[in-house]
Amino acid sequence: MIKNGAQHTKSLRDGREIYIYGQRVEDVTTAPAFRHSVASMGKLYDFQAAPENQALMTFETGNGARANRIWQLPKSYAELVERRHALEAWTELHGGFMGRAPDHVASCIAGMYMGLEVFEEYDQTRASALADYYHYARDNELYLTYVIINPQADRSKAANEQKDPFFACGVVDQDSSGLTVRGGKMLATGGVLANEVFVTCIQPMREGEEPYAISFAIPMNTPGLKILSRKSYEAQSPEIFDNPLGAQFDENDAVLYFDNVKVPWERVFINQNTSMCARQFHATPAHVYQNYQAQIRLMVKMRFLMGIARKTAETNGTLAIPAVRETLGQLAAQAAMVEAFVYGMEAKGKMRGAYYIPDTHLLYSAQVLTQQLYAQVITTMRDLAGGGLIMLPSSVADFANPEVARLIEKTQASPVTDAKGRVKFFKLAWDALGSEFGSRHQQYEMFYAGATFVTKGHSFRHFDWDRSTGLVDAMMAGYELPAVS
């Protein structure tokens with residue numbers, strides 16, 4: 001049976017230990033800090049469960065059941081594109097503003113499964129645990145988040161060199177039943193909405209950091225797992241009209257603290273092996289597959305932002321101005337570039353064993369350029385809007401006051417809509433471009449793939465330099481220093 005919204009919402013009432021504003025949250029589904037985001041996630045599952053969407057959103061697993069395409073393992077270019085159509089449809093429901101919706105970490109685990117032989121070379125038992133987990137998560141429609149970096153602390157020192165040896169999550173003990181881990185991890189984006197968390201380390205690791213070189217997955221309500229939420233933009237937005245994005249799509253971010261958490265062996269995929277922690281991402285399709293999903297999400301988000309840009313010009317009556325059309329043309333070209341990267345990495349993909357994988361270098365090229373692109377687009381759109389983004393009524397309460405409402409009608413004029421329509425649009429635009437929620441998204445798009453030197457390093461390593469230098473060598477081979485007479 002395909003999971004619907006009510007079922008997912010019910011699954012979150014599991015006693016998980018979430019803290020925000022100094023208090024423990026008793027029920028994440030009703031808490032003012034999270035309830036609208038929970039409802040938004042429920043809409044995603046209702047969409048996939050609707051009979052008319054099941055062909056789009058699900059695939060046959062081979063055991064007589066169907067599962068969401070986020071878990072699909074494409075065996076051809078056509079299947080990869082078919083899966084992308086499902087991810088696009090899901091992403092359109094949140095405009096690309098939920099970066100850790102269920103399709104992201106599912107793509108990561110699916111990518112690891114597609115490279116299962118890498119785990120088998122490391123340890124057959126751990127490989128079996130990963131394979132079993134992929135099938136379990138797929139067949140039970142788990143929403144996964146992940147924490148794959150350590151808290152910042154003193155970045156000049158390794159995890160084992162910090163004042164507290166368990167500042168970062170590491171192994172305290174192991175016995176016949178599994179590992180015991182202690183310490184913090186970040187950044188559990190979407191953790192308050194998820195069923196389980198995948199825990200590992202994607203950062204380069206040094207000798208001595210073996211206790212932190214682990215990979216496992218556990219439920220969010222595991223005893224000893226504490227979820228420390230950042231401030232809630234949703235809680236600051238009691239009326240959706242005032243902050244339509246922040247009030248509905250604040251997937252939240254959190255530090256996770258593992259207070260002597262027991263992890264059973266059947267959930268352990270890597271145990272204290274620094275080289276394997278890197279190989280799980282880069283020797284398998286995992287890193288490419290999960291970030292290909294992120295580029296699909298960004299492609300949809302750019303389309304959404306282009307809608308805001310166009311409606312900004314229409315609302316302000318500036319669409320006929322040549323300079324404005326030039327600006328919109330530039331923005332449209334940037335949005336199309338993201339789309340071209342997605343289509344390109346699909347078309348240039350290749351088979352890896354039985355599976356068809358997006359092109360690696362085009363993926364990393366997209367990451368390098370879109371990290372720079374997002375801030376440019378936001379700045380251009382803010383310039384396009386001018387003071388209209390901030391010259392807005394303080395809240396919906398202003399419309400309830402007849403005298404204030406009368407003045408709003410006089411001061412919020414537009415050639416294409418009434419005062420209420422103009423305020424409604426620019427409230428949305430500000431939430432996307434300049435509110436605290438919007439600013440968080442700018443930071444997210446700049447760093448979710450890693451620091452810029454990391455993504456540029458990936459691009460450097462995966463470019464076909466031999467082909468390029470070969471062209472230069474062939475050209476140089478066609479001439480020599482003239483003979484001296």
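Side-chain contact, Asn243 with Lys427: no donor N or O sits under 3.5 Å from an acceptor N or O. Side-chain atoms of Tyr19 and Gln23 form no donor-acceptor pair, as typed in the model, at a separation below 3.5 Å. Between Tyr374 and Lys301, the side chains place a donor N or O and an acceptor N or O closer than 3.5 Å (distance only, hydrogens not considered). Checked by atom type, the side-chain pair Tyr212/Gln203 shows no donor-acceptor distance below 3.5 Å. In this structure, a donor-acceptor pair under 3.5 Å is present between the side chains of Gln280 and Ser215. For the residue pair Thr180 / Gln174, no side-chain donor-acceptor distance below 3.5 Å is found, with atom types taken as modelled. Judged by distance alone, the side chains of Arg13 and Thr29 do bring a donor and an acceptor atom under 3.5 Å apart. Between the side chains of Arg83 and Ser107, at least one donor N or O sits under 3.5 Å from an acceptor N or O. Using modelled atom types and a 3.5 Å distance limit, the side chains of Thr58 and Arg66 yield a donor-acceptor pair. The closest side-chain donor-acceptor pair between His361 and Ser459 falls under 3.5 angstrom.
No option in Arg279, Met114, Met112 other than Met112 meets the side chain to side chain contact (heavy atoms under 4.5 Å, CB included) test with Thr284. With Arg69 as the partner, the salt bridge (charged side-chain N to carboxylate O under 4.0 Å, His left out) test is satisfied by one option alone out of Glu82, Glu60, Glu79: Glu82. When each of Lys231, Arg230, Gln236, His36 is paired with Asp250, the side-chain hydrogen bond (donor to acceptor under 3.5 Å, both in side chains) condition holds for Arg230 and for no other.
For CZ of Arg467, the number of neighbouring non-hydrogen atoms (other residues, nucleotides, ligands) closer than 6.0 Å is 12 at most. Within 6.0 Å of CD on Glu52 lie more than 12 heavy atoms contributed by other residues, nucleotides or ligands. Enclosure of atom NZ in Lys262 by more than 12 non-hydrogen atoms of other residues, nucleotides or ligands within 6.0 angstrom is indicated.
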**Request:** Kindly indicate, with the supporting measurements, whether the criterion salt bridge (Lys or Arg N to Asp or Glu O under 4.0 Å) is fulfilled by Arg267 and Glu196.
**Result:** CA-CA 11 Å; Arg267 291 301 195 90; Glu196 300 206 358; 2.7 Å; yes
**Request:** Test side-chain contact (heavy atoms from CB on, under 4.5 Å) on Phe258 and Val263 and set out the steps.
**Result:** CA-CA 10 Å; Phe258 299 81; Val263 183; over 6 Å; no
**Residue pair Leu116, Leu130: steps toward the side-chain contact (heavy atoms from CB on, under 4.5 Å) verdict** = CA-CA 8 Å; Leu116 192 61; Leu130 175 66; 4.0 Å; yes
**Request:** Kindly determine whether Asn63 and Asp139 satisfy side-chain contact (heavy atoms from CB on, under 4.5 Å), including the steps that lead there.
**Result:** CA-CA 10 Å; Asn63 60 5; Asp139 295 345; 3.9 Å; yes
**Request:** Step by step, work out the side-chain contact (heavy atoms from CB on, under 4.5 Å) result for His441 and Phe437.
**Result:** CA-CA 6 Å; His441 270 268; Phe437 174 84; 3.3 Å; yes
**Request:** Starting from the C-alpha separation in whole Å, work towards a yes-or-no answer on side-chain hydrogen bond (donor to acceptor under 3.5 Å, both in side chains) for Glu141 and Gln48.
**Result:** CA-CA 11 Å; Glu141 290 215 74; Gln48 71 147 10; 2.8 Å; yes
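Under a 3.5 Å cut-off, the side chain of Asp431 and the backbone N or O of Gly246 do form a donor-acceptor pair. Checked by atom type and distance alone, the side chain of Glu209 never pairs as donor or acceptor with a backbone atom of Asn160 at under 3.5 Å. A donor-acceptor pair under 3.5 Å links the side-chain atoms of Thr200 to the main chain of Ile214, judged by distance alone. Looking at Arg297, its side chain never comes within 3.5 Å of a backbone N or O of Gly95 through a donor-acceptor pair. A donor-acceptor pair is defined here as one N or O able to donate and one able to accept, closer than 3.5 Å; such a pair exists between the side chain of Ser435 and the backbone of Gly438. The backbone N or O of Val268 lies less than 3.5 Å from a partner atom in the side chain of Arg126, making a donor-acceptor pair. Using modelled atom types, no side-chain atom of Asn4 and backbone atom of Tyr45 make a donor-acceptor pair closer than 3.5 Å. In this structure, the side chain of Glu266 does not engage the main chain of Ala129 through any donor-acceptor pair within 3.5 Å. One N or O on the side chain of Glu251 and one on the backbone of Gly99 form a donor-acceptor pair closer than 3.5 Å. Using a distance-only test at 3.5 Å, with no hydrogens or angles considered, a donor-acceptor pair links the side chain of Gln162 to the main chain of Asp154.
A search for salt bridge (charged side-chain N to carboxylate O under 4.0 Å, His left out) contacts involving Glu234 returns nothing, not counting sequence neighbours. Partners of Ser11 under the side chain to side chain donor-acceptor pair (under 3.5 Å) rule, at least two apart in sequence or in another chain, are Asn195.
No side-chain heavy atom of Val197 sits under 4.5 Å from any side-chain heavy atom of Leu144. Side chains of Ile202 and His287 form a contact here, defined as non-hydrogen atoms less than 4.5 Å apart.
For Arg303 and Glu88, the salt-bridge test passes: some basic side-chain N is under 4.0 Å from an acidic carboxylate O. Between Glu117 and Arg352, at least one side-chain N (NZ, or NE/NH1/NH2) sits under 4.0 Å from a carboxylate O, which counts as a salt bridge. A salt bridge links Asp253 with Arg440: the distance from a Lys NZ or Arg NE/NH1/NH2 to an Asp or Glu carboxylate oxygen falls below 4.0 Å.
The aromatic ring centroids of Phe460 and Trp465 lie less than 6.0 Å from each other. Aromatic ring centres of Phe97 and Phe249: separated by at least 6.0 Å. Ring pair Phe119/Phe269: centre-to-centre distance not below 6.0 Å.
The line from CG of Leu363 to NZ of Lys348 is 12.0 Å long, rounded to the nearest 0.5 Å. Between the CD atom of Gln248 and the CE atom of Met98 there is a distance of 10.0 Å, given to the nearest 0.5 Å. Here the CD atom belonging to Gln295 is positioned 8.0 Å from the CZ atom belonging to Phe341, to the nearest 0.5 angstrom. Between atom CD of residue Gln372 and atom CD of residue Glu445 there is a gap of 14.0 Å, rounded to the nearest 0.5 Å. Atom CD1 in Ile296 sits 11.0 Å away from atom CG in Asn291 (nearest 0.5 Å). The line from CZ of Phe216 to CD1 of Ile270 is 11.5 Å long, rounded to the nearest 0.5 Å.
Ring pair Tyr289/Tyr292 is parallel by interplanar angle, where below 30° counts as parallel and above 60° as perpendicular.
Judged by the 6.0 Å distance and 45° axis criteria, Arg182 is not positioned over the aromatic ring of Phe167. Annotation: cation-pi geometry not satisfied between Lys226 and Tyr257 (NZ/CZ under 6.0 angstrom from ring centroid, within 45° of ring axis).
Between Gly15 and Asn221, the closest heavy-atom pair is C-CB, 4.4 Å.
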